[in-house]
Protein chains: 2
Amino acid sequence: MSTPPANANPKPPRAPRNSLTYDRVVAGAVDLADDQGIDALTMRALATHLEVRPMAIYHYVANKDAILDAIVDAVFGEVYIPEATGDWRDELTTRSASMRATLGRHPWAVGLLETRPNPGIASLTNHNAVLDVLLTTGFSLPATAHAYAAIDAFVYGFALQEAMLNSVDLAGSAPELLAGMNLTDFPRITEFAMQHVMQPGYAFGNSFDVGLTMVLNGIAALR
Amino acid sequence: MSTPPANANPKPPRAPRNSLTYDRVVAGAVDLADDQGIDALTMRALATHLEVRPMAIYHYVANKDAILDAIVDAVFGEVYIPEATGDWRDELTTRSASMRATLGRHPWAVGLLETRPNPGIASLTNHNAVLDVLLTTGFSLPATAHAYAAIDAFVYGFALQEAMLNSVDLAGSAPELLAGMNLTDFPRITEFAMQHVMQPGYAFGNSFDVGLTMVLNGIAALR
DNA sequence: ACCTGAACACCGTTCAAGT
DNA sequence: ACCTGAACACCGTTCAAGT
């Protein structure tokens, strides 16, 4: 036989030429972060995911930081871009819901924003559209500044809280913190959990529309 | 001479016994994250900071994850604990301002919340106090849930935006994202920046009180 | 031009060993 | 009991080398 003997750990074949593109690198990184969490997004794991050796990736991006910037902007690219139709409230409600849903699909993005806020095209495009909606419907520059800050603070913060709820892991809590912790030390939490959170029909997400309405009412008053 | 010859890189002496405690480990980790950023918080750097060998730390904490849980809770420990005085609005205003200031001092904490939300004693204590303020001043359980979600979403989100603004680094933006980017593609951002953001007296932080008032007004209406 | 292997300076963490 | 050194399996990234 001219074929080599079967190998328990066969080394994968050399990747074909042009199997990689910048977009495939970014999309693969988003996939990996979605599936395995942001900590699992290593250059080596991404290379395996893309069926390539680690160093091939460096032909398309400068380094890992550039990938982190890029996947944050890729997430912004999924968010609805509001239009200056004249109904600012309707448009910003749709955009806020879309932002929340998008961050819910990619919860790691919220945590990345703090250290990787370098704006990309998608982020700037969405930002510009929101400003356009406000400035064409009678909001002054100061009112626009306050309105924008309030909406995004609420939406980012709500998405952060939802991400937190999804990753709470009691078993993983530091034993040093749990030691000596006692349910009776927190009677209001216990009461709230038993009488409200654990009742049928409760869902944290129910508070999104309520809170957004508060913010939008406040913004309407600035106009 | 019985002393060894001078060494260019003298190995530091063995650390004295009981030089470490759990609290010193946690406080050292907070210092390091504050001073050098969360990425610089490695077990080895922390050991150097504490003048100890890396493995000594493991006598006080199970692993690095436990340290991350602990420093998040240490941050919550700096936040004002509201009291059930009857004036819910005043108390929650004070707590919100304190939370914002605290996260401003430790901006890395916002990013950690997404992956390390395991509640510690300080977090639960503050949480319990906020619930107590609301439940003793006439808020129903559902109203309390909405109020709490809205306040914390706004405060976390605002702190996240402030952290983002402080770490924007145009020079560090991925060139792939900046390539072909053009100021004239974002006319509203340009207009907003020139005519408002760059004018004297503007500060992003000015929007905090405005936004918080929107949320508190909305909460008052739930009562 | 595009992909790769070897190597380097880092990580977190185990384990056995000092004092 | 508390601190340590050596070692292991990982990282991101450089550089020179294949095709």
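Each chain gets a letter, A, B and so on, in the order its sequence line appears, and its residues count up from 1. Excluded from the calculations below are hydrogen atoms, water molecules and symmetry mates; all remaining heavy atoms, backbone and side chain alike, are included.
With contacts defined as side-chain heavy-atom distances shorter than 4.5 Å, the pair A:N126/A:R95 qualifies. Side-chain contact between B:E162 and B:F204 is present, with heavy atoms from C-beta onward closer than 4.5 Å.
Between A:N63 and D:dG12 there is no side-chain polar atom (N or O) within less than 4.0 angstrom of OP1 or OP2. Taking side-chain N and O atoms only, B:R53 has a distance below 4.0 Å to OP1 or OP2 of D:dG5. Taking 4.0 angstrom as the limit, A:Y58 places none of its side-chain polar atoms (N or O) nearer than this to OP1 or OP2 of D:dC15. Dashed line: the shortest gap from a side-chain N or O of B:S19 to OP1 or OP2 of D:dC2 is not under 4.0 Å.
One atom, CD1 of A:I38, and another, P of D:dC11, lie 14 Å apart when rounded to the nearest Å. Whole-Å rounding puts the B:E51 CD to D:dC3 C1' distance at 15 Å. Separating the CG atom of B:L20 from the C1' atom of D:dT4 is a distance of 13 Å, rounded to the nearest angstrom. Here C:dT13 presents its P atom at 8 Å from NZ of B:K64, a figure rounded to the nearest Å. One can place NE2 of A:H59 at 14 Å from P of D:dT14, the figure rounded to the nearest angstrom. Computed from coordinates, the A:D39 CG to D:dC10 C1' distance equals 14 Å when rounded to whole Å.
Residue A:M55 has its side chain nearest to D:dT13 when only D:dT4, C:dC3, D:dT13 are considered. The A:A15 side chain lies nearest to C:dT4 when the options are C:dG12, C:dT14, C:dT4.
The residue among B:R17 and B:P54 whose nearest nucleotide of DNA chain D is located toward the 5' end is B:R17. Residues A:I57 and B:M43 each lie close to DNA chain C; by heavy-atom proximity, the contact nearer the 5' end of the strand is made by A:I57.
Pairing partner, D:dT19: C:dA1, with both Watson-Crick or wobble hydrogen-bond distances short of 3.5 Å. Nucleotide C:dC8 is matched to D:dG12 when pairs are restricted to Watson-Crick or G-U wobble geometry with both distances under 3.5 angstrom.
Taking the six-membered ring for Trp and the full ring otherwise, B:F154 and B:F208 have centroids separated by under 6.0 Å. For B:F76 and B:H127, the ring centers sit 6.0 Å or farther from each other.
Taking 3.5 Å as the limit, the base of C:dG12 and the side chain of B:R44 contain a donor-acceptor pair of atoms between them. For A:R14 and D:dT19, a side-chain-to-base donor-acceptor distance below 3.5 Å is absent, hydrogens and geometry of angles not being considered.
If you run side-chain hydrogen bond (donor to acceptor under 3.5 Å, both in side chains) between A:R188 and each of B:D132, B:N128, B:T144, only B:D132 comes through.
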